[in-house]
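Below is one structure, written out as structure tokens, with a few remarks after it.
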2 protein chains.
Amino acid sequence: MLETNPNPNLDEILIRSARLMAHRGYHGTSMRDLAEVTGRSLSGLYHYFEGKEDLLYLINKQGFTSLLDLAEDLREAGFGPTEMLKGLISRHIGFFVDHLDEMRVMMFGTLELSKDRGREINRLKEVYRQNVQKIVQAYIAEARGSGLSEVELARKTYLLFGMMNWIFGWYSSGAHGTPEDLADDIFRTFTEGCAAG
Amino acid sequence: MLETNPNPNLDEILIRSARLMAHRGYHGTSMRDLAEVTGRSLSGLYHYFEGKEDLLYLINKQGFTSLLDLAEDLREAGFGPTEMLKGLISRHIGFFVDHLDEMRVMMFGTLELSKDRGREINRLKEVYRQNVQKIVQAYIAEARGSGLSEVELARKTYLLFGMMNWIFGWYSSGAHGTPEDLADDIFRTFTEGCAAG
DNA sequence: CCGAAAACCGAACGATCGTTCGTTCTTGTA
DNA sequence: TACAAGAACGAACGATCGTTCGGTTTTCGG
């Protein structure tokens, strides 16, 4: 119960904190706000966290670790390039939609974190980006027959991230289709262009 | 002794403020920070602005108005659907790269603004989005021969915005090609898919 | 050179911030 | 029942926040 099982109270606090921080930003959310929204007193929060920065750090670390696990599971599935790219987009979008608030927080950047913690989160982010880039590289090599330069490949990968991550600002499952519809649309647009469908 | 700007104007203050807000967020940037970076005293800033929110409002209004002007100029050029889409992407990216800090601020949202001002900015944003959507619609109608549903068309437009706007987090002209290269890549990826080039 | 308008400043206000402290409830186990 | 440990609390700390105010300097047409 100490190290093996995550504290359910702690996860609940992180989720509710992310919901608030997603809409007000890190500096715009006070510890008093977080205490109220988690049903605790201000000083009671400090029983679980060393400080406000802890919350931001844990939201980021948990989020990017989950994304990395998703990519790792996918790699072990042994798909071909096309299924791999399709599966990655689907899982990324699925996780995004299920954790919209945490993802919003994760996009505000790491500048509020300490130097060491900021580096740690950025490292996780970069590893995930490289995993995605390898999948994009494999797909393009198959579809195109020849490879892209490093600059072009990185750019294409960033464009894919753009389509996937920009949804934080507009997507609602009611008005813009299911997450599966969205993932399919991104896959087809990225591989065939906007007239595909 | 403060290092004062010899001939300061309002635009200069906005640019320097945006540079700071882009990296620290609205709440993370204090009026004292803004006074220092603009070479003025704290109270001296209030000679130009009614308050902190004024700065955020003016940065947003100026930015979205400029984007709308760009789209308006383009519409008067009388291009066909393909040149129109290409020109829009090129101008949007060009403005983005020239005003990276302001664009970063504009993406943090309008929740810090007053109700009326927030609505005004969101209206500008929505008008610009609809302009872009019309251009996308015209292109797809030509390339595909048939139209898309409203939901699909809006989704495609958001995907294009994703590729264009996500650059705020990664693009540097040194490592990822010129703005023209980037605009070309987005155009080709959006119209033909990632293997185009 | 004058004087009013504009530009600018230091000092301070009340409010809120993150954090800390000493204390009190609650709970599990012996 | 006893009692240590975890959980939660109210109150207060110094720091910083946005803003205001009274006064000083600079600018510039007459």
Side-chain angles (χ1 to χ4, degrees), chain A residues 1-18 20-60 105 108 110-118, chain B residues 1-18 20-60 105 108 110-118:
Chain A
M1 189 190 261
L2 294 176
E3 292 105 344
T4 52
N5 287 348
N7 193 330
N9 289 337
L10 201 139
D11 279 347
E12 181 69 17
I13 295 177
L14 286 184
I15 290 175
R16 289 175 188 267
S17 298
L20 216 57
M21 285 191 192
H23 293 93
R24 306 193 198 179
Y26 176 73
H27 290 294
T29 309
S30 72
M31 289 297 275
R32 287 165 180 82
D33 294 333
L34 296 176
E36 186 188 356
V37 91
T38 55
R40 281 169 181 79
S41 68
L42 172 61
S43 49
L45 256 190
Y46 283 85
H47 181 73
Y48 292 93
F49 305 96
E50 291 182 12
K52 190 182 178 186
E53 191 217 36
D54 258 27
L55 286 155
L56 185 63
Y57 167 72
L58 290 172
I59 290 170
N60 272 276
V105 172
F108 289 157
T110 58
L111 288 132
E112 346 272 3
L113 292 176
S114 72
K115 215 169 182 181
D116 285 346
R117 284 180 159 181
Chain B
M1 184 95 181
L2 287 174
E3 205 174 332
T4 53
N5 197 326
N7 204 356
N9 55 4
L10 200 137
D11 280 347
E12 181 69 17
I13 298 180
L14 286 184
I15 290 174
R16 289 176 188 264
S17 298
L20 216 57
M21 287 191 191
H23 293 93
R24 305 193 198 180
Y26 177 72
H27 290 294
T29 309
S30 72
M31 290 296 276
R32 286 165 181 82
D33 293 334
L34 296 176
E36 185 187 356
V37 91
T38 56
R40 279 168 182 78
S41 70
L42 172 59
S43 50
L45 255 190
Y46 283 85
H47 181 72
Y48 293 93
F49 306 96
E50 291 182 10
K52 190 182 177 185
E53 191 216 37
D54 258 28
L55 286 154
L56 185 62
Y57 167 72
L58 290 172
I59 290 171
N60 272 275
V105 172
F108 288 157
T110 58
L111 288 132
E112 346 270 4
L113 292 175
S114 73
K115 215 169 183 179
D116 284 347
R117 285 180 159 180

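Here the structure is a predicted model, which means the values were calculated and not measured. All chains are named by letter (A, B, ...) in the order of the sequence lines, taking the proteins before the strands, and each is independently numbered beginning at 1.
Atom CD of E12(A) is separated from atom P of dA8(D) by 13 Å (rounded to the nearest Å). As a whole-Å value, the separation of K52(A) NZ from dT20(C) C1' is 17 Å. When rounded to the nearest whole Å, the span between CG of L45(B) and P of dC9(C) equals 9 Å. Atom CZ of R40(B) is separated from atom P of dC8(C) by 5 Å (rounded to the nearest Å). One interatomic measurement links the two molecules: OH of Y26(B) to P of dC17(D), which rounds to 13 Å at whole-angstrom precision. For the pair L34(A) CG and dT19(C) P, the computed distance is 11 Å after rounding to whole Å. Following rounding to the nearest Å, Y46(B) (OH) and dG10(C) (C1') show an atom-to-atom distance of 15 Å. Y48(A) has its OH atom 12 Å from the P atom of dG6(D), to the nearest Å.
Side-chain N or O atoms of N60(B) include none that pairs as donor or acceptor with a backbone N or O of Y57(B) at under 3.5 Å. The backbone N or O of T38(B) lies less than 3.5 Å from a partner atom in the side chain of R40(B), making a donor-acceptor pair. Between the side chain of S114(B) and the backbone N or O of R117(B) there is at least one donor-acceptor pair closer than 3.5 Å.
A salt bridge does not link E36(A) to R32(A): none of the charged nitrogens lies less than 4.0 Å from a carboxylate oxygen.
T29(B) comes within 4.0 angstrom of the backbone, heavy atoms only, and of no base.
When the side-chain nitrogen and oxygen atoms of H47(A) are compared with OP1 and OP2 of dA8(D), none of them lie within a distance under 4.0 Å. For S30(A), no side-chain nitrogen or oxygen approaches OP1 or OP2 of dT16(C) to under 4.0 Å.
When each of D33(B) and R32(A) is assigned the nucleotide of DNA chain D with its nearest heavy atom, R32(A) is the one assigned upstream, toward the 5' end.
Checking dA7(C), dC9(C), dG10(D) against the side-chain heavy atoms of S41(B) singles out dC9(C) as nearest.
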